A.B. asks: 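Below: one structure in structure tokens.
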Number of protein chains: 2
Amino acid sequence: MSSPCAQHQHVHRLIQQPLTELTEKLRRGARKVTAPRQAILDVLRKHASPLTNKEIHAALGKEDCDLATIYRNMHTLELLGLVRRYDFGDGAARFELSAEEGSSHHHHLVCTRCRLIVEVDECFPEEFQSAIASRHGFTQVQHRLEFTGWCPKCQSR
Amino acid sequence: MSSPCAQHQHVHRLIQQPLTELTEKLRRGARKVTAPRQAILDVLRKHASPLTNKEIHAALGKEDCDLATIYRNMHTLELLGLVRRYDFGDGAARFELSAEEGSSHHHHLVCTRCRLIVEVDECFPEEFQSAIASRHGFTQVQHRLEFTGWCPKCQSR
DNA sequence: CTATTTGCAAACGATTTGCAAAACA
DNA sequence: TGTTTTGCAAATCGTTTGCAAATAG
């Protein structure tokens with residue numbers, strides 16, 4: 001992971017990568033394609049797992065922007081459907097690009113006693129989800145599925 | 001839970017309310033049966049949907065106790081498996097009695113734009129969950145399943 | 001009596017917001 | 001230009017924690 005960019009000034013060429021699609025959606029949502037937004041999406045594209053705002057902030061490096069700006073933008077990006085919000089119960093929201101944007105889809109098994117987290121492959125049946133969506137007239141339906149329990153080590157507690 | 005078979009004991013002194021079962025678990029967990037705890041469980045038994053600590057606090061009324069006490073107790077009760085923690089993404093944790101304690105098991109479909117919440121009946125296949133649990137050596141496995149999307153009214157936003 | 005638990009207040013960490021300056025379209 | 005967005009700082013809000021007094025067992 002390298003950031004060959006110069007310091008962020010008033011001199012930023014509309015970069016390189018296939019941000020086209022993302023940019024496209026921003027525009028469609030009547031949002032401006034700003035440096036912070038591009039940087040945030042860029043960080044997200046480079047990470048497989050969900051990141052907290054603070055982690056995103058730390059990963060920005062050169063393209064640094066205010067933490068508050070990240071918070072504001074995560075709301076915007078979530079609203080536009082570009083990112084997905086997660087909540088693993090540790091008090092901090094986490095985000096990753098929406099499935100359509102290329103992120104992998106997976107779930108977690110969390111120990112409610114020691115917070116051990118294990119990745120899980122099983123997923124909620126697509127047919128069921130579609131049925132639920134149409135029955136209630138919802139679109140853009142996704143699901144958040146998390147398993148909780150007591151891990152081997154915590155069972156005797 | 002190291003011993004699946006619970007023994008009947010002739011040790012009962014202040015069992016005067018229907019909290020017997022809950023009280024039982026508290027004792028087994030070497031916890032004291034205090035007024036705040038009984039009041040909290042009582043409130044939870046009277047509500048179908050998950051409540052935030054603040055809501056529980058408000059519902060206590062006469063049996064009022066400090067908010068901090070509620071926070072501390074919810075952790076204890078969750079640890080003992082008496083209550084279940086939910087997170088609907090609005091920043092506040094919510095709790096309801098564990099399934100075994102009589103609460104109904106259901107899921108939710110939440111609009112990420114206006115926060116409309118609809119109850120859903122579909123549930124994650126039991127076979128799958130069992131497989132996941134045994135594969136990772138977990139016990140007391142439950143799942144948290146939430147659907148998100150855009151409700152009819154918010155689709156045009 | 002002794003270990004837990006509670007009330008109270010202060011401490012915290014995550015997230016939000018007001019406002020003037022800066023950046024897009 | 002007219003808006004939207006950002007930086008900065010202060011404000012919120014949910015939750016946690018230290019400590020002495022109160023309480024269950």
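Proteins come first, then strands; the chains are lettered A, B, ... in the order of their sequence lines, and each starts at number 1. Remember, predicted model here, so these are calculated numbers, not experimental data.
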A.B. asks: Sequence neighbours left out, what pairs pass salt bridge (Lys or Arg N to Asp or Glu O under 4.0 Å) with at least one residue falling in residues 51-77 of chain B?
C.D. replies: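 Salt bridge (Lys or Arg N to Asp or Glu O under 4.0 Å) check on residues 51-77 of chain B returns B/E55-B/R94.
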A.B. asks: Specify the separation, in whole Å, of atom CD1 of B/I70 and atom P of C/dT5.
C.D. replies: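 Roughly 16 Å, once rounded to whole Å.
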A.B. asks: Are the side chain of B/N73 and the backbone of B/T69 linked by a donor-acceptor contact shorter than 3.5 Å?
C.D. replies: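 Here the side-chain-to-backbone pair exists.
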A.B. asks: Within this structure, what is the CG-to-P distance between A/L41 and D/dT5, rounded to whole angstrom?
C.D. replies: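 Rounded to whole Å, this separation is 14 Å.
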A.B. asks: To the nearest angstrom, how far is B/Q38 atom CD from D/dT23 atom P?
C.D. replies: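 One finds 15 Å between P of D/dT23 and CD of B/Q38, rounded.
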A.B. asks: Tell me yes or no: between the side chains of B/S130 and B/E126, is some donor less than 3.5 Å from an acceptor?
C.D. replies: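 The criterion, which ignores hydrogens and geometry beyond distance, is satisfied for B/E126 and B/S130.
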A.B. asks: Report yes if the side chains of A/L44 and A/L51 come closer than 4.5 Å at any heavy-atom pair, otherwise no.
C.D. replies: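 Yes. Closest side-chain heavy atoms under 4.5 Å.
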A.B. asks: Just to verify, what does B/E122 make a side chain to side chain contact (heavy atoms under 4.5 Å, CB included) with, not counting sequence neighbours?
C.D. replies: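 B/E122 satisfies side chain to side chain contact (heavy atoms under 4.5 Å, CB included) with A/F124, A/F128, A/I132, A/R135, B/V120 only.
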A.B. asks: Taking 4.0 Å as the cut-off, does a side-chain nitrogen or oxygen of A/R31 come that near to OP1 or OP2 on D/dT4?
C.D. replies: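 So the side-chain polar atoms of A/R31 never come under 4.0 Å of the phosphate oxygens OP1 or OP2 of D/dT4.
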A.B. asks: Verify the contact: side-chain N or O of A/T34 to OP1 or OP2 of D/dT6, cut-off strictly under 4.0 Å; return yes or no.
C.D. replies: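 So the side-chain polar atoms of A/T34 do come within 4.0 Å of the phosphate oxygens OP1 or OP2 of D/dT6, strictly under.
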A.B. asks: Please report the C-alpha distance between B/H143 and B/Q129 in whole Å, then the side-chain angles of each, then the deciding distance to 0.1 Å, and finally whether the side chain to side chain donor-acceptor pair (under 3.5 Å) criterion is met.
C.D. replies: CA-CA 8 Å; B/H143 58 265; B/Q129 180 163 301; 2.4 Å; yes
A.B. asks: Determine to 10° how strongly the helix from C/dC1-D/dG25 to C/dA25-D/dT1 is bent, judged from the axes of its five-pair ends.
C.D. replies: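 Answer for the end axes of this duplex: 50°.
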A.B. asks: Nearest whole Å is fine: how far is D/dT6 C1' from A/I40 CD1?
C.D. replies: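 The answer, rounded to whole Å, is 11 Å.
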A.B. asks: What is the distance, to the nearest angstrom, from the CZ atom on A/R37 to the P atom on D/dT4?
C.D. replies: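 After rounding, the reported distance stands at 11 Å.
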A.B. asks: Please report the shortest heavy-atom distance between B/H107 and B/C123, naming the atom on each side.
C.D. replies: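 Here B/H107 and B/C123 meet closest at NE2-SG, 3.5 Å.
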A.B. asks: For nucleotides 13-22 of chain C, just jot down a letter per nucleotide in 5' to 3' order: B, S or -, based on protein non-hydrogen atoms under 4.0 Å.
C.D. replies: -SBBBB----
A.B. asks: Can you tell me how far apart CZ (A/R37) and CG (A/L80) are? Round to the nearest 0.5 Å.
C.D. replies: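 Answer for the CZ-CG pair, A/R37 versus A/L80, is 8.0 Å.
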A.B. asks: Restricting to nitrogen or oxygen on both sides, can you table the protein-nucleotides 10-12 of chain C pairs closer than 3.5 Å?
C.D. replies:
none

A.B. asks: Quick one: does any side-chain atom of B/T52 pair with a main-chain N or O of B/A93 as donor and acceptor, under 3.5 Å?
C.D. replies: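 No.
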A.B. asks: Taking side chain to side chain contact (heavy atoms under 4.5 Å, CB included) as the definition, give me every residue that meets it alongside A/N53, ordered by chain and number, with sequence neighbours left out.
C.D. replies: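 In terms of side chain to side chain contact (heavy atoms under 4.5 Å, CB included), with neighbours along the sequence ignored, A/N53 is linked to A/L67, A/I70, A/Y71, A/M74, A/F95.
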A.B. asks: Figure out the NZ/C1' separation between A/K32 and D/dT6, and round it to whole Å.
C.D. replies: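 In whole Å, D/dT6 C1' lies 11 Å from A/K32 NZ.
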A.B. asks: What distance separates A/E146 CD from B/R144 CZ, expressed to the nearest 0.5 Å?
C.D. replies: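 Here the interatomic distance stands at 4.5 Å.
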